[in-house]
**Q** 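Dumping the structure here so I can ask a few things about it.
Residue indices begin at 1 and follow the sequence shown. Keep in mind it's a predicted model, so treat the numbers as computed, not measured.
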Amino acid sequence: MVLRAVAADCAYGDQDGFRRELADAGLPFVMAIKPRHGVWAYGNQAYTPVDAARALAWHDPDEPGDWSAVTRTFRDGHTTTWRFADAHLDISGG
């Protein structure tokens, strides 16, 4: 078995030490973090997922800018369109 990346929800993603150990081990990872969870930075350089989302272009549903659409289908069969975008938060402090 080849480990390509570690993925986890915010129960692990919010654990600074866990993310640091993965980074120190050289393991690629994708972690969910709570919207208001900032990453290490000096004073006014603190950056959260909310900050990252606000920095992305958005015009309207017909011109979503930096956001991509995904259709979510629920168990009862109804669907809804959600938007997503990548946000990269540097946890290394550098």
**Q** Out of curiosity, T81 OG1 to R72 CZ, how far, rounded to the nearest 0.5 Å?
**A** 12.5 Å
**Q** How close do F29 and A23 get, heavy atom to heavy atom, and via which atoms?
**A**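 Here F29 and A23 meet closest at CE2-N, 3.8 Å.
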**Q** Please name the pair of heavy atoms, one in F74 and one in W82, separated by the smallest distance, quoted to 0.1 Å.
**A** CZ-CZ2, 4.3 Å
**Q** Is the closest side-chain heavy-atom distance between W58 and R83 below 4.5 Å?
**A** yes
**Q** I need the H78 NE2 to T80 OG1 distance, nearest 0.5 Å.
**A**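 So the NE2 of H78 and the OG1 of T80 are separated by 6.5 Å.
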**Q** Please report the shortest heavy-atom distance between D62 and D60, naming the atom on each side.
**A**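 Shortest heavy-atom contact: N-OD1, 2.8 Å.
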**Q** What's the shortest heavy-atom distance between A57 and D66, and which atoms?
**A** N-OD2, 2.7 Å
